[in-house]
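Right, one structure below, let's go through it.
Below, chains carry the letters A, B, ... as their sequence lines are ordered, and counting in each starts from 1. If you're wondering where the values come from, they're calculated on a predicted model, not measured in any experiment.
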2 protein chains.
Amino acid sequence: MTIRVLIVDDQAMVRAGFAALLAAQSDIDVVGEASDGRQGVEVSRSTHPDVVLMDVRMPEMDGLAAARALLEPPPGVVHRPKVLMLTTFDVDDYVYEALRAGASGFLLKDAPPADLIAAVRVVASGDALLAPSVTRRLIADFARQKPSRAKDPSLRLNGLTPRETEVLELIARGLSNQEIAGRLVLAEQTVKTHIGRVLAKLDLRDRAQAVIFAYESGLVSPGDAG
Amino acid sequence: MTIRVLIVDDQAMVRAGFAALLAAQSDIDVVGEASDGRQGVEVSRSTHPDVVLMDVRMPEMDGLAAARALLEPPPGVVHRPKVLMLTTFDVDDYVYEALRAGASGFLLKDAPPADLIAAVRVVASGDALLAPSVTRRLIADFARQKPSRAKDPSLRLNGLTPRETEVLELIARGLSNQEIAGRLVLAEQTVKTHIGRVLAKLDLRDRAQAVIFAYESGLVSPGDAG
DNA sequence: GGTGGGGTGCTACTTGGGTATGAGGCGGGG
DNA sequence: CCCCGCCTCATACCCAAGTAGCACCCCACC
């Protein structure tokens with residue numbers, strides 16, 4: 001099965017170079033080219049490539065916006081290509097935006113040609129691939145942001161009984177005492193008692209601080225839906 | 001400058017294979033081998049390799065523990081090699097643990113030999129490298145956990161005036177109305193007015209929910225100190 | 001069998017927080 | 001110039017939330 005590739009870049013010479021490079025591979029077909037993001041989205045919609053090679057910086061509609069358009073298609077559009085972002089500089093803002101949008105990879109244009117070809121194959125197969133410098137940063141970020149879970153606050157969490165922890169979590173979901181009582185089938189007074197103990201044990205003043213503690217300790221995290 | 005490599009793997013045949021492969025490169029020296037984690041740490045301390053090739057699964061002390069020992073050296077130990085983890089299966093728990101510990105890469109043993117050699121060079125240069133399937137997962141995780149910042153809540157944040165945003169942030173730090181008033185040099189009543197507007201605009205009931213909103217929208221994040 | 005911790009519940013009291021309404025000052029845009 | 005949004009503040013009211021003290025049940029552990 002050949003890999004259908006679409007090349008989106010505003011520089012004609014770059015497009016030509018990539019196209020020649022890729023077309024020389026027996027398992028890769030270049031099915032189209034586009035010179036800006038808007039056009040890229042259109043061509044992608046009509047040619048259904050497996051992989052879109054997308055330059056980040058482009059006129060009209062930049063690569064990020066185009067990637068988003070392709071990766072979160074409007075209702076009715078079923079085709080969803082893999083997107084491999086390309087850039088001359090490794091500007092991290094772009095990287096994160098692109099990855100968040102669902103891009104499958106991020107390469108620097110100064111990478112060896114063989115890398116580009118390999119990247120297209122990897123991405124087409126459903127895996128992902130990043131330039132080494134980008135990988136380094138991603139890992140650093142990843143390593144930096146998580147360990148909060150194992151910090152100080154969560155140690156103090158051990159002092160709480162299961163019931164108290166449960167109540168704390170519901171506070172952190174924004175429930176009132178009455179709602180918590182309803183949810184746990186308790187008298188509102190009981191909820192107050194539990195909360196009182198939680199606040200005392202954790203040395204907090206009110207439920208607002210309890211919410212903060214819940215987030216800081218990792219008991220709940222941004223994105224946890226109800 | 002040649003790259004000094006230490007190979008740590010419990011299977012002698014694997015070690016031999018890797019050693020032969022790497023030693024054949026003019027820019028790579030294999031300065032040692034070890035058959036378990038504990039030994040690996042010792043040999044690393046005595047031979048000061050640039051890169052440690054570390055198998056994940058090993059007797060005595062597994063690759064993760066060994067990696068941690070090398071990457072967070074005890075006081076007095078200054079040498080800190082790059083660690084490239086190797087595994088037969090791509091078990092994600094290990095991946096995350098290793099990356100969090102500070103590993104520079106994660107490769108599957110079924111990767112082509114050229115990849116291993118390239119990986120050693122990349123890692124030695126200070127960049128990072130992951131197996132494509134690992135990269136895919138890391139990106140997926142990364143994309144899944146952060147999007148809060150660009151989503152719903154932060155859009156509604158735009159409806160807030162600068163002052164209101166400021167007040168919201170202080171609420172999310174756990175301050176009482178009085179404390180906020182003090183901090184911003186305002187009457188407490190003024191603070192209440194602002195809060196009232198914030199709650200109304202964001203459709204929240206009380207300051208506890210405001211704290212939640214602040215975290216979910218990314219206005220504040222776990223780990224933000226004062 | 002006693003002891004202690006966890007869970008539950010009550011009465012009673014205090015207060016911080018949220019609501020309602022109104023109003024004055026200030027700066028920018030029509 | 002006038003209007004409007006933002007920031008400021010006051011008065012007044014209400015109630016959810018937090019505090020204090022006590023009490024009962026159950027169960028694990030000694």
Side-chain angles (χ1 to χ4, degrees), chain A residues 153-220 224 226, chain B residues 153-220 224 226:
Chain A
S154 75
L155 290 184
R156 286 194 290 161
L157 242 177
N158 297 338
L160 299 186
T161 68
R163 203 53 159 175
E164 287 161 359
T165 307
E166 202 172 358
V167 170
L168 174 56
E169 185 177 340
L170 292 179
I171 290 177
R173 300 276 182 224
L175 304 203
S176 68
N177 291 344
Q178 206 171 37
E179 289 167 341
I180 295 174
R183 183 78 74 95
L184 300 181
V185 197
L186 292 177
E188 188 180 340
Q189 269 315 314
T190 306
V191 175
K192 285 190 176 186
T193 304
H194 286 311
I195 293 179
R197 283 198 240 284
V198 169
L199 297 182
K201 286 185 182 178
L202 301 177
D203 190 28
L204 304 171
R205 184 171 43 196
D206 52 34
R207 67 202 299 107
Q209 291 190 351
V211 173
I212 295 173
F213 180 90
Y215 275 94
E216 295 293 336
S217 69
L219 211 206
V220 301
D224 290 4
Chain B
S154 75
L155 290 183
R156 287 193 289 161
L157 242 178
N158 296 338
L160 299 186
T161 68
R163 203 52 158 174
E164 286 161 0
T165 306
E166 202 172 356
V167 170
L168 174 56
E169 185 177 341
L170 292 179
I171 291 177
R173 301 276 181 225
L175 303 204
S176 69
N177 291 343
Q178 205 171 39
E179 289 166 342
I180 295 174
R183 183 80 73 93
L184 300 181
V185 196
L186 291 176
E188 187 180 341
Q189 189 46 50
T190 305
V191 175
K192 284 191 176 188
T193 303
H194 286 311
I195 293 178
R197 282 199 240 284
V198 169
L199 297 182
K201 285 185 181 178
L202 301 178
D203 190 29
L204 304 171
R205 184 171 46 195
D206 52 33
R207 70 204 295 108
Q209 292 191 350
V211 173
I212 296 173
F213 180 90
Y215 275 94
E216 295 294 335
S217 69
L219 209 207
V220 301
D224 290 5

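- Whole-Å rounding puts the B/Lys201 NZ to C/dG18 P distance at 17 Å.
- Applying the 4.0 Å criterion to OP1 and OP2 of C/dG17, one finds that B/Asn177 has a side-chain N or O inside that range.
- Distances from the side chain of A/Ala187 to the nucleotides D/dC9, C/dG9, D/dA17 place C/dG9 closest.
- One atom, CG of A/Asp206, and another, P of C/dT15, lie 16 Å apart when rounded to the nearest Å.
- Checking the phosphate oxygens (OP1, OP2) of D/dC7, a side-chain nitrogen or oxygen of B/Thr161 falls inside 4.0 Å.
- The shortest distance between the side-chain N/O atoms of A/Arg205 and the OP1/OP2 oxygens of D/dG18 is not below 4.0 Å.
- As a whole-Å value, the separation of B/Leu186 CG from D/dC6 C1' is 13 Å.
- Residues B/Leu202 and B/Leu168 form a side-chain contact, since some pair of their non-hydrogen atoms from C-beta on lies under 4.5 Å apart.
- Side chain of A/Asp206 to backbone of A/Gln209: a donor-acceptor contact under 3.5 angstrom is found.
- Put simply, B/Thr190 has a side-chain N or O that comes within less than 4.0 Å of OP1 or OP2 on D/dC9.
- Of the candidate nucleotides D/dA17, C/dG9, C/dG17, D/dA17 has the atom nearest to the side chain of A/Arg207.
- Take the nearest nucleotide of DNA chain D for B/Val185 and for A/Ala208: the residue whose nucleotide is more 5' is B/Val185.
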TODO: Could you walk me through whether A/Arg205 and B/Glu179 pass the salt bridge (Lys or Arg N to Asp or Glu O under 4.0 Å) test, one step at a time?
DONE: CA-CA 13 Å; A/Arg205 184 171 43 196; B/Glu179 289 166 342; 2.8 Å; yes

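- One interatomic measurement links the two molecules: CD1 of A/Ile195 to C1' of D/dG18, which rounds to 9 Å at whole-angstrom precision.
- Between B/Leu204 atom CG and C/dG18 atom C1' the separation is 13 Å, expressed in whole Å.
- Per the geometry, CD1 belonging to B/Ile180 stands 16 Å off C1' belonging to D/dC9, to the nearest Å.
- Atom P of nucleotide C/dG5 and atom NE2 of A/His194 are separated by 17 Å, given to the nearest angstrom.
- Using a 4.5 Å heavy-atom cutoff, the side chains of B/Val211 and A/Arg207 are not in contact.
- In this structure, A/Ser176 and B/Leu184 both approach DNA chain D, and ranking their closest nucleotides by distance from the 5' end singles out B/Leu184.
- Put simply, the side chain of B/Phe213 does not reach to within 4.5 Å of the side chain of B/Leu219, judged on heavy atoms.
- Checked by distance alone, A/Arg197 brings no side-chain donor or acceptor within 3.5 Å of a matching partner on the base of D/dT19.
- A/Gln189 places its CD atom 8 Å from the P atom of C/dT11, with the value rounded to the nearest Å.
- Between A/Arg163 and C/dT8 there is a side-chain N or O to OP1 or OP2 distance below 4.0 Å.
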